[in-house]
Amino acid sequence: MTVLVVGAGFSGAVYARTLAEAGYNVVVIDQRPHIGGNAYDHDDENGVRVHVYGPHLFHTRSAPVLEWIRRFGQFAPYEHKVRAKLPDGRMAPLPINLDTVNMVFGTNYETSAEVQAHLARVALDFPQPRNAAEHLYGTIGRELTDLFFRPYTRKMWQQELEDMAAAVVKRIPLRTDRVDTYFASEDTQLMPVDGYTALFAEILGHPGIEVRLGTRFERAMLKEFAFCFNAMPIDEYFDFELGDLPYRSIRFHHRSEPDGPPPPAPVVNFTDDGPFTRETWWDALPHHRRRQTGRRSVTTEEPCDYRDNGMERYYPVRTADGRYQTLYTAYRELAARETRMEFIGRCGTYQYLDMDQVINQSLAGARRWLAAQGSA
Ligand SMILES: Cc1cc2nc3c(=O)[nH]c(=O)nc-3n(C[C@H](O)[C@H](O)[C@H](O)COP(=O)(O)OP(=O)(O)OC[C@H]3O[C@@H](n4cnc5c(N)ncnc54)[C@H](O)[C@@H]3O)c2cc1C
């Protein structure tokens, strides 16, 4: 029995590998000319590895995900750091920590307890926050919210914090000590030594898997396959008959410049009202300098609507009233009628997922399907 997988990103690759190892023949198609989905990377003309769709930092708390991914490549520990450029040019640690609070308020706190007391003083009273603004005001107060989150949210989502679900900002950690790593210390943080594309080549390198790139899904394909796991946008599959599921996208402005002093961090976020959200200095990431060329590569990100960026869908939009999640639920009801198809991954299930979450969900989904076939 041959199975079709649409999408050679993490979701499709995990399904394809799991099914192939269970003895199925799998054809993976992707409309792009490369494997890896949004995690795709390549070595550019400056001898630097660049993640073409924005910096991808692998972090997880899942032992099964780690065990699975480590089968396909070598990983090196890497603790990611981000700085936020303040209006006066100073670089503050992000997520907000003890040093960020001292920089913004001109204080000299030394202990977590002092920072907690300060935040408790400046926090506003929102016991039952109804949106992102109320959650942030109730946690860190007005000044930090309006400095670090308000202009950033406006340009990233083209929405006010008041219109956004609290869940969007709850993902961002808050520290009251001096730890300045971007992800929580409970996470295992790793970088694939040979890059993500090489990792995907290993995952998809199974005799039961055939990869067809530059191939767009068409309904007529379905009759050749016993089943289809589909990572394409679910609304597009149904010809948008219930309406569009919107996404934010990003225009990546790549530039090349002579080598210079190291940046304050591999990623710098902008707190100003301008159009750009952040900048990535690729050679400051481990294993990214591949050759010495005397030049380095930097990418600046400019968020936009996906319709203004060649339909490149990156971040599903979450509003405080949950209207797009309601629309997605209606599409799921349509999808339930497709007996030989399951929607998978970020665009198939209309949710923002980190790489480890996609791997976890896809491993579970593939194993469930195999069990239902009696072949797990
Ligand atoms: C800017 C950005 C930064 C990110 N940073 C991180 C990070 O630091 N850490 C982290 O853990 N996660 C990060 N992520 C999330 C990560 O990219 C996703 O978890 C992962 O890519 C999801 O895999 P996927 O297979 O669901 O989707 P994708 O990677 O998007 O793969 C889907 C594939 O399906 C193909 N496809 C779609 N429609 C069709 C069609 N009709 N026909 C054929 N092919 C089709 C697409 O071309 C694509 O290659 C980031 C995401 C973005 C957008």
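When a ligand or atom number is given, it counts from 1 through the structure's own listing order.
- The contact set between ligand 1 and V358, taken as ligand atoms under 4.0 Å from a residue heavy atom, comprises 19 (O), 22 (C).
- In this structure, Y237 falls outside the shell of residues with a heavy atom less than 4.0 angstrom from ligand 1.
- Which parts of ligand 1 touch R32 is read off a 4.0 Å heavy-atom cut-off, strictly below it: atoms 47 (O), 48 (C), 49 (O).
- Between the side chains of D41 and T197, at least one donor N or O lies within less than 3.5 Å of an accepting N or O.
- At the top of the distance list for atom 8 (O) of ligand 1, counting protein heavy atoms only, stands L57 N, 2.8 Å.
- The aromatic ring centres of Y40 and H51 sit 6.0 Å or more apart.
- Of the N and O atoms on the side chains of N46 and S297, at least one donor lies less than 3.5 Å from an acceptor on the other residue.
- Looking at atom 27 (O) of ligand 1, its nearest protein heavy atom turns out to be R346 NE, 3.8 Å.
- For the ligand labelled ligand 1, residue F58 lies outside the 4.0 Å heavy-atom shell.
- Proximity of C347 to ligand 1 is not established, as no heavy-atom distance is less than 4.0 Å.
- Atoms of ligand 1 lying under 4.0 Å from at least one heavy atom of T215, given by number and element, are 43 (C).
- If you check each of Y182, Y53, Y352 against atom 6 (C) of ligand 1, the one with the closest non-hydrogen atom is Y352.
- Taking any N or O of R216, backbone or side chain, none lies under 3.5 Å from an N or O belonging to ligand 1.
- The nearest non-hydrogen atom to atom 31 (O) of ligand 1, considering only G9, G7, A13, S362, comes from G9.
- For Y152 and F270, the ring centers are positioned 6.0 Å apart or more.
- Remark: aromatic rings of F10 and F200 are close, center separation under 6.0 Å.
- A cation-pi arrangement is absent between R154 and F149, since the terminal nitrogen or guanidinium carbon is not both under 6.0 Å from the aromatic centre and inside a 45° cone about the axis.
- An N or O contact shorter than 3.5 Å is missing between I250 and ligand 1 by distance.
- Contact annotation for P55 and ligand 1: only backbone heavy atoms (N, CA, C, O) come within less than 4.0 Å of the ligand.
- Remark: R255 is positioned above the aromatic ring of W281, its terminal NZ or CZ atom under 6.0 angstrom from the ring centre and at most 45 degrees off the axis.
- Annotation: atom 44 (N) of ligand 1 to nearest protein heavy atom, Q31 N, 3.1 Å.
- Ligand 1 is never approached by I344 to a heavy-atom distance shorter than 4.0 Å.
- Listed by number with element, the atoms of ligand 1 under 4.0 Å from a non-hydrogen atom of F217 are 40 (C), 41 (N), 42 (N), 43 (C).
- The closest protein non-hydrogen atom to atom 29 (O) of ligand 1 is N38 N, 2.9 Å.
- Ring to ring, H80 and Y78 are close: their centroids are under 6.0 angstrom apart.
- Considering only non-hydrogen protein atoms, atom 38 (N) of ligand 1 sits nearest to M232 CB, 3.4 Å.
- With 3.5 Å as the limit, one finds no donor-acceptor pair spanning the side chains of D356 and S62.
- Of the protein's non-hydrogen atoms, H56 NE2, 3.3 Å is the one closest to atom 50 (C) of ligand 1.
- Ligand-side atoms of ligand 1 in range of G345: 26 (O), range being under 4.0 angstrom from any heavy atom.
- Contact annotation: Y40 has no heavy atom less than 4.0 Å from any atom of ligand 1.
- Less than 6.0 angstrom separates the ring centroid of Y352 from the ring centroid of Y315.
- Taking the six-membered ring for Trp and the full ring otherwise, the centers of F126 and H135 sit at least 6.0 Å from each other.
- Looking only at heavy atoms of the protein, atom 18 (C) of ligand 1 is closest to L353 O, 3.4 Å.
- In terms of protein heavy atoms, atom 46 (C) of ligand 1 is closest to D30 OD1, 3.5 Å.
- Those atoms of ligand 1 that come under 4.0 Å of a heavy atom in P233, given as number and element, are 38 (N).
- In this structure, the ring of Y53 has its center less than 6.0 angstrom from the ring center of H34.
- The residue from M355, H51, M311, Q357 that puts a heavy atom closest to atom 11 (O) of ligand 1 is M355.
- Aromatic rings from Y15 and W369 are positioned such that their centres are separated by 6.0 Å or more.
- Every atom of ligand 1 is numbered from 1 in the order shown, and the set under 4.0 Å from a heavy atom of Y314 is 53 (C).
- At least one test fails for R340 against the ring of F225: distance under 6.0 Å to the centre or angle within 45° of the axis.
- Look at E312 and R32 and you find a salt bridge, because one of the NZ, NE, NH1 or NH2 atoms lies within 4.0 Å of a carboxylate O, short of that distance.
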